Novice: 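Before I ask anything, here is the structure I am working with.
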Amino acid sequence: MSGREELILAIETSCDDTAAALITVSGEVRASVSASQDAIHERYGGVVPEVASRAHVERASVVVREALLEAGASIEDVGRVAVTVGPGLIGALLVGLHTAKAIAWARRLPLTPVNHLHGHLAAAWLADPDAPCPMVTLVASGGHTLLVRVSDRRTFTLLGQTLDDAAGEAFDKGARLLGLGYPGGRELDLLAETGDAHAFDFPIGLKRSGSLDFSFSGVKTSLFYLLRSWTAEERAARAADVAASYRRAVVEALVSKLLAAAEAEGVAAVAIAGGVAANSLLRRRVEREAGERGLHVVVPPLRFCTDNAAMIGAAALTGPVLAYPDYLGLEASASLSIEVTPGV
Ligand code: KG4
Ligand code: ZN
């Protein structure tokens, strides 16, 4: 390793993406590889946990090898292993955890267990190394929707969360009702770009509640009842307007609560993260409206928003370093709160 910066190998398998990345201890991403399972789960209309675990088993060592190739590195260059231990699908998490333990154990390397949600938060400083703390970050994905105060890069406080569906789930279920692809959030977003966002008034969950929590079950139900009364021709003719109006309602809830949280916390910066941060209206509105309020805005590139291992490596930079063999008894946890740092 003479003269070469030590690398952290990060592994992420919490849901349906098998991912590996190499990041330097100073936070430079040298490789980030991800194998999506969308094509596998598409026929079921959702992620099937057992199928996901098996696919991770087939792909885990492949993505690690690919990441080393992409970085032009060898396993000797790896000085530490980082891995997601929760929250997520337990069988899927176990595949990544055991892969990470095996690599670390074989080479007597230290290991850092990572909370998947801390990974999403860390996407902000991967994208913008100077992002100032404290900040408020919106994490919105297929499984989570939460607002978090990031006091510093290792101190996180939950400010609000969804009481029912996640924002990504609302987009995916909307896409499904409209007959778009799987998972559907991206397709609904693309279609919405061509429609009239004020054609329909969908309910905005917990709009006047004054709380920082979210609810997306109402918007989904009202879409269901709207479409139910239409013929196939009417649906086809109005699909873009419906998608645009539906997207407006979901995004309005996300943006208004993010800005309210930033004001309540008195922070000077906001960020968005998670797969839904790929949404083009959300990105535009956060950039513009947070910018107008004089806030520092971090909107990470798409590759750091959807599940990836680079963000797990970035979170590991401020996580605990467990020496060999102290981590061999580590367990995965399907439900891990944002306020828990595993291994501490
Ligand atoms: O973070 P992620 O890759 O996986 C987890 O759920 O943890 O997020 C995936 C979610 C899916 O629900 C997907 O439909 C949604 O992010 N998504 C989008 C867009 N791109 C991905 N939702 C809205 N607009 C998009 N452009
Ligand atoms: Zn995620």
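Whatever order the structure lists ligands and atoms in, that order sets their numbers, starting from 1. Bear in mind the structure is a predicted one, so any value in this text is a computation, not a measurement.
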Novice: What protein heavy atom is closest to atom 3 (O) of ligand 1, reported as residue, atom name and distance in Å?
Specialist: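 For atom 3 (O) of ligand 1, the nearest protein heavy atom comes out as Asp307 N, 3.0 Å.
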Novice: Do Arg108 and Trp105 meet the cation-pi criteria used here (NZ or CZ under 6.0 Å from the six-membered ring centre, within 45° of the axis)?
Specialist: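 The answer is yes; both the distance and angle limits are met.
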Novice: Could you tell me the separation between the CD1 atom of Ile272 and the CD atom of Glu287, rounded to the nearest 0.5 Å?
Specialist: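 Between Ile272 CD1 and Glu287 CD, I get 7.5 Å after rounding to 0.5 Å.
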Novice: Once the angle between the rings of Phe171 and Tyr246 is folded into 0 to 90°, is it parallel (under 30°), tilted (30 to 60°) or perpendicular (over 60°)?
Specialist: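 The arrangement is perpendicular - the two ring planes meet at more than 60°.
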Novice: Within ligand 1, which atoms have a heavy atom of Phe171 less than 4.0 Å away?
Specialist: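 In order of numbering, the contacting atoms are 22 (N), 23 (C).
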Novice: Look at His116 and state whether any of its N, O or S atoms is less than 2.8 Å from the Zn ion (ligand 2).
Specialist: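 True for His116.
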Novice: Out of Val85, Thr341, Val83, Ile312, which one pairs with Val114 under the side chain to side chain contact (heavy atoms under 4.5 Å, CB included) rule?
Specialist: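 Checked Val85, Thr341, Val83, Ile312 against Val114; only one passes side chain to side chain contact (heavy atoms under 4.5 Å, CB included): Ile312.
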Novice: Any N/O/S atom from His120 (main chain or side chain) under 2.8 Å of the Zn ion (ligand 2)?
Specialist: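 Yes, since at least one N, O or S atom of His120 sits under 2.8 Å from the Zn ion (ligand 2).
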Novice: What residue and atom, counting heavy atoms only, is the protein's closest point to atom 13 (C) of ligand 1, and at what distance?
Specialist: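 Looking only at protein heavy atoms, the one closest to atom 13 (C) of ligand 1 is Asp172 OD1, 3.7 Å.
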Novice: Check this for me: Arg176, atom CZ, are more than 12 non-hydrogen atoms of other residues, nucleotides or ligands nearer than 6.0 Å?
Specialist: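 Atom CZ in Arg176 is not crowded, with 12 or fewer foreign heavy atoms closer than 6.0 Å.
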Novice: Against Glu252, only a single residue in Arg247, Arg285, Lys257 fulfils salt bridge (Lys or Arg N to Asp or Glu O under 4.0 Å); can you say which?
Specialist: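 Exactly one option meets the salt bridge (Lys or Arg N to Asp or Glu O under 4.0 Å) with Glu252, and it is Arg285.
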Novice: Please name the atom of Asp307, limited to N, O or S, that comes nearest to the Zn ion (ligand 2).
Specialist: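 Sorting the N, O and S atoms of Asp307 by distance to the Zn ion (ligand 2) puts OD1 first.
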Novice: Less than 4.0 Å is my threshold; does some heavy atom of Cys15 fall inside it relative to ligand 1?
Specialist: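 No.
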Novice: Determine the interplanar angle of the Phe200 and Trp230 rings, folded into 0 to 90°, and report it as parallel if under 30°, tilted if 30 to 60°, perpendicular if over 60°.
Specialist: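 Tilted.
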Novice: Considering non-hydrogen atoms of the protein only, which is the closest contact for atom 8 (O) of ligand 1, and what is the distance?
Specialist: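 Result: Gly275 CA, 3.3 Å.
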Novice: Hey, which atoms in ligand 1 end up nearer than 4.0 Å to a heavy atom of Gly143?
Specialist: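 Answer for ligand 1: 6 (O).
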Novice: Counting the benzene-type ring for Trp, do His118 and Phe156 have ring centres under 6.0 Å apart?
Specialist: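 His118 vs Phe156: aromatic centres under 6.0 Å.
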Novice: Tell me whether the count of non-hydrogen atoms from other residues, nucleotides or ligands lying under 6.0 Å of CD in Glu193 goes above 12.
Specialist: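 Enclosed: over 12 neighbouring heavy atoms sit under 6.0 Å from CD of Glu193.
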Novice: So which heavy atom in the protein is nearest atom 26 (N) of ligand 1, and how far is it from that ligand atom?
Specialist: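 Its nearest protein heavy-atom neighbour is Asp189 OD2, 2.9 Å.
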Novice: Judging by distance only, is a nitrogen or oxygen of Gly185 under 3.5 angstrom from one on ligand 1?
Specialist: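 N/O-N/O distance below 3.5 Å exists for this pair.
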Novice: Please identify which atoms of ligand 1 are closer than 4.0 Å to at least one heavy atom of Thr306.
Specialist: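 By the 4.0 Å cutoff, the relevant atoms are 3 (O).
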Novice: Counting only heavy atoms not in Glu234, do more than 12 fall under 6.0 Å of its CD?
Specialist: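 Yes, the 6.0 Å shell around CD holds more than 12 heavy atoms from other groups.
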Novice: Nearest to atom 6 (O) of ligand 1, what protein heavy atom do you find, and at what distance?
Specialist: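 Of the protein heavy atoms, Gly142 N, 2.8 Å lies nearest.
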Novice: With a 4.0 Å cut-off on heavy atoms, is His120 in contact with ligand 1?
Specialist: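 It does, in that a heavy atom of His120 comes within the 4.0 Å cut-off of ligand 1.
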Novice: Checking a contact table here: which protein heavy atom is nearest atom 23 (C) of ligand 1, and how many Å away?
Specialist: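 Looking at atom 23 (C) of ligand 1, the protein heavy atom closest to it is Asn279 ND2, 3.4 Å.
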Novice: With heavy atoms of Gly168 as the reference, note each atom of ligand 1 found under 4.0 Å away.
Specialist: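 Heavy-atom distances to Gly168 below 4.0 Å select 12 (O).
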